[in-house]
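Below is one structure; the comments refer to it alone.
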Amino acid sequence: MTLLPKLDEQTLADLYDQGLVLLDNQIDSQVENLTIIKAEDEDDLANEVISRRGGVGQLSNEDINYYFDFKKYGHDLILGGDFTKLPHGDYVGL
């Protein structure tokens, strides 16, 4: 048996308003396959989802390539002193 999250009235109303559940005697069976996360904003939601999935190491290469700013990270590696750029385009770790 799956333990369902306790639904407060506002969450239940939101699920109904979005057409995700019908108000009948079968609410438990309608929400048992839904993932409900309480989050303050989209940033909080993303952090919670990544945490539940086991951390950023569990993201697909496609997600990393789409969402990660490689240029900014490379820039910060140089600014932080981890790497330096040589005159002909090579980089060396310090």
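Connectivity analysis of hydrophobic side chains (ILVMFWY, heavy atoms under 4.5 Å, direct or indirect) links Leu86 to Val92, Leu94. Its side chain within the 4.5 Å cluster rule, Ile37 clusters with Leu45, Val49 among the Ile, Leu, Val, Met, Phe, Trp and Tyr residues.
Evaluation of the salt bridge (Lys or Arg N to Asp or Glu O under 4.0 Å) test over residues 83-94, restricted to residues two or more places apart or in two chains, returns none. Among residues at least two apart or in separate chains, side chain to side chain donor-acceptor pair (under 3.5 Å) pairs with a member in residues 39-50 are Glu48-Arg52.
Remark: Gln58 engages no residue in a side chain to side chain donor-acceptor pair (under 3.5 Å) (not counting sequence neighbours). Among residues two or more places apart in sequence or in another chain, the side chain to side chain donor-acceptor pair (under 3.5 Å) test is passed with Asp14 by Gln10. Every side-chain contact (heavy atoms from CB on, under 4.5 Å) that Tyr73 has, sequence neighbours left out, goes to Phe68, Leu77. In this structure Arg53 satisfies the salt bridge (charged side-chain N to carboxylate O under 4.0 Å, His left out) test with no other residue, sequence neighbours excluded. Residues meeting the side-chain contact (heavy atoms from CB on, under 4.5 Å) test with Ser51, sequence neighbours left out: none. Under the rule for a side-chain contact (heavy atoms from CB on, under 4.5 Å), the partners of Asp63 that lie at least two apart in sequence or sit in another chain are Leu59, Ser60, Tyr67. Lys72 pairs by the side-chain contact (heavy atoms from CB on, under 4.5 Å) definition with Asp69, Asp76, not counting sequence neighbours.
Clustering ILVMFWY residues whenever any of their side-chain heavy atoms sit less than 4.5 angstrom apart, transitively, puts Tyr66 in a cluster other than the one holding Val56.
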